[in-house]
2 protein chains.
Amino acid sequence: MNQHASHKPDYEKELRRAGVRITRPRKVILRILTETDDHPDAMEIFQRASAVDSSISLSTVYRTMKLLEEMGAIHRHAFEGGRARFEQADGDHHDHLIDIDTGDVIEFHSNRIEELQEEIARALGYDIVHHRLELYGRKRRRT
Amino acid sequence: MNQHASHKPDYEKELRRAGVRITRPRKVILRILTETDDHPDAMEIFQRASAVDSSISLSTVYRTMKLLEEMGAIHRHAFEGGRARFEQADGDHHDHLIDIDTGDVIEFHSNRIEELQEEIARALGYDIVHHRLELYGRKRRRT
DNA sequence: GTTTTTATTGCAAACGATTTGCAATTGCAT
DNA sequence: ATGCAATTGCAAATCGTTTGCAATAAAAAC
Ligand SMILES: [Mn+2]
Ligand SMILES: [Mn+2]
Ligand SMILES: [Zn+2]
Ligand SMILES: [Zn+2]
């Protein structure tokens, strides 16, 4: 039994509820998503899926990601540079620090920053619908 | 004499110093940039430039923007959705609130947020090279 | 001012990520 | 098992941006 078993989201159930069919490609993609904890892009998901079933197409990966995104099951991030990256949407809100040398993504959260963002928007007469806070940095070198 | 004459950046001088030629297309594009205070995209700049000299091409707009960006004279922002948007780099650092209904861009700055970002990065063992803070919101409706 | 040397241009074609039309296939309700 | 709508893979299209190339024009050299 997995340590975090109770946290595993049941995408299949969610999909059924949304009235879409549980196909073989979708099953494979969903499993990849639940089994990964990083922020893969469509091509990475495609390659991992191909390893399981080589008939799965990149189009289907993109279509499935869009579907899951619209269902709110995953988040899509457009970090700097190339492709969009995805992650499961079940956890709490967080922002990202991207290592510009390695591409590694580190998650963080600051209640204080979130509050300040709200204050700023309010002062400007706006309600925040969503936001994007990304720090691009480099590992500090020991001096 | 313009109220803000002293703040107008002399791009032509900067370009000369960078060893590039002051061509007619570049002159037109530079004037458009200095005369605008919003965040136009390449197509908007192209259209404004076309009105002055219909022979200017979109390629040249893109090439000029890249040149200015590399010189540090302008900033390029990849807000959500379509095209990249540009702005003069002379002012102080600020972040952006984007009106998701109109596309309007409102600038703001929070020293407190900037400090907190630094603290977070430091705690994670990183130095921030640059960051991106964008609030996407909607005008608050009077109740 | 004229010639020479190069950088710069416009154009069309290439690009990379993502989306889409379509005919063939499949899930699933009957 | 049957029927039909949802889904698929494929190739082609899309969108913003970049690039190769031959023609042009800026600045340097005369
Ligand atoms: Mn994340
Ligand atoms: Mn700005
Ligand atoms: Zn946040
Ligand atoms: Zn900032």
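Values in this document were obtained by computation on a predicted structure and should not be read as measured data. By convention in this document, chain letters (A, B, ...) are assigned in the order of the sequence lines, proteins followed by strands, and residues within each chain are numbered from 1.
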Subject >> salt bridge (Lys or Arg N to Asp or Glu O under 4.0 Å) pairs, two or more places apart, involving residues 94-105 of chain B >> reply: B/Asp101-B/Arg138
Original post:
Taking only residues at least two apart or on different chains, which pairs with a member in residues 38-49 of chain B satisfy salt bridge (Lys or Arg N to Asp or Glu O under 4.0 Å)?
Top reply: B/Asp38-B/Arg48, B/Asp41-B/Arg83
DNA chain C contacts made by [range], counting heavy atoms under 4.0 Å:
{"range": "residues 53-64 of chain A", "answer": "A/Ser59, A/Tyr62, A/Arg63"}
{"range": "residues 66-87 of chain A", "answer": "A/Lys66, A/Arg83, A/Ala84"}
{"range": "residues 19-33 of chain B", "answer": "B/Val20, B/Arg21, B/Thr23, B/Pro25, B/Arg26"}

**OP:** Sequence neighbours left out, what passes side chain to side chain contact (heavy atoms under 4.5 Å, CB included) with B/His130? Give chain and number order.
**Re:**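 Checked B/His130 against side chain to side chain contact (heavy atoms under 4.5 Å, CB included); matches are A/Glu80, A/Tyr136.
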Original post:
In Å, rounded to the nearest 0.5 Å, how long is the span from OG1 of A/Thr23 to CG of A/Leu30?
Top reply: 8.5 Å
List the atom pairs, with distances to 0.1 Å, where a side-chain N or O of residues 115-124 of chain B and a protein N or O form a donor-acceptor pair under 3.5 Å, not counting sequence neighbours.
unit_1, atom_1, unit_2, atom_2, d
B/Glu115, OE1, B/Arg112, NH1, 2.7

Please give me the minimum heavy-atom distance between [X] and [Y], naming the atom from each residue.
{"X": "B/Ala18", "Y": "B/Met71", "value": "CB-SD, 4.2 Å"}
{"X": "A/Ile113", "Y": "A/Ser110", "value": "N-OG, 2.9 Å"}
{"X": "A/Phe46", "Y": "A/Val61", "value": "CA-CG2, 3.8 Å"}

**OP:** At the 4.0 Å heavy-atom cut-off to chain A, mark where contacts on DNA chain D begin and end, going 5' to 3'.
**Re:**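 The footprint of chain A covers D/dA5 to D/dA11.
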Original post:
Which pairs, with at least one residue in residues 63-73 of chain A and sequence neighbours excluded, count as a side-chain hydrogen bond (donor to acceptor under 3.5 Å, both in side chains)?
Top reply: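 Applying side-chain hydrogen bond (donor to acceptor under 3.5 Å, both in side chains) to every pair that reaches into residues 63-73 of chain A, excluding sequence neighbours, yields A/Glu69-A/Arg76.
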**OP:** Quick one: list whatever passes ring pair (Phe, Tyr, Trp, His ring centres under 6.0 Å) with B/His75, sequence neighbours left out.
**Re:** none
Subject >> Qualifying residues under ring pair (Phe, Tyr, Trp, His ring centres under 6.0 Å), relative to B/His93, sequence neighbours excluded >> reply: B/His109, B/His131
**OP:** Could I get the full list of side chain to side chain donor-acceptor pair (under 3.5 Å) partners for B/Arg26, not counting sequence neighbours?
**Re:**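 Scan of B/Arg26 (side chain to side chain donor-acceptor pair (under 3.5 Å), adjacent residues dropped) gives none.
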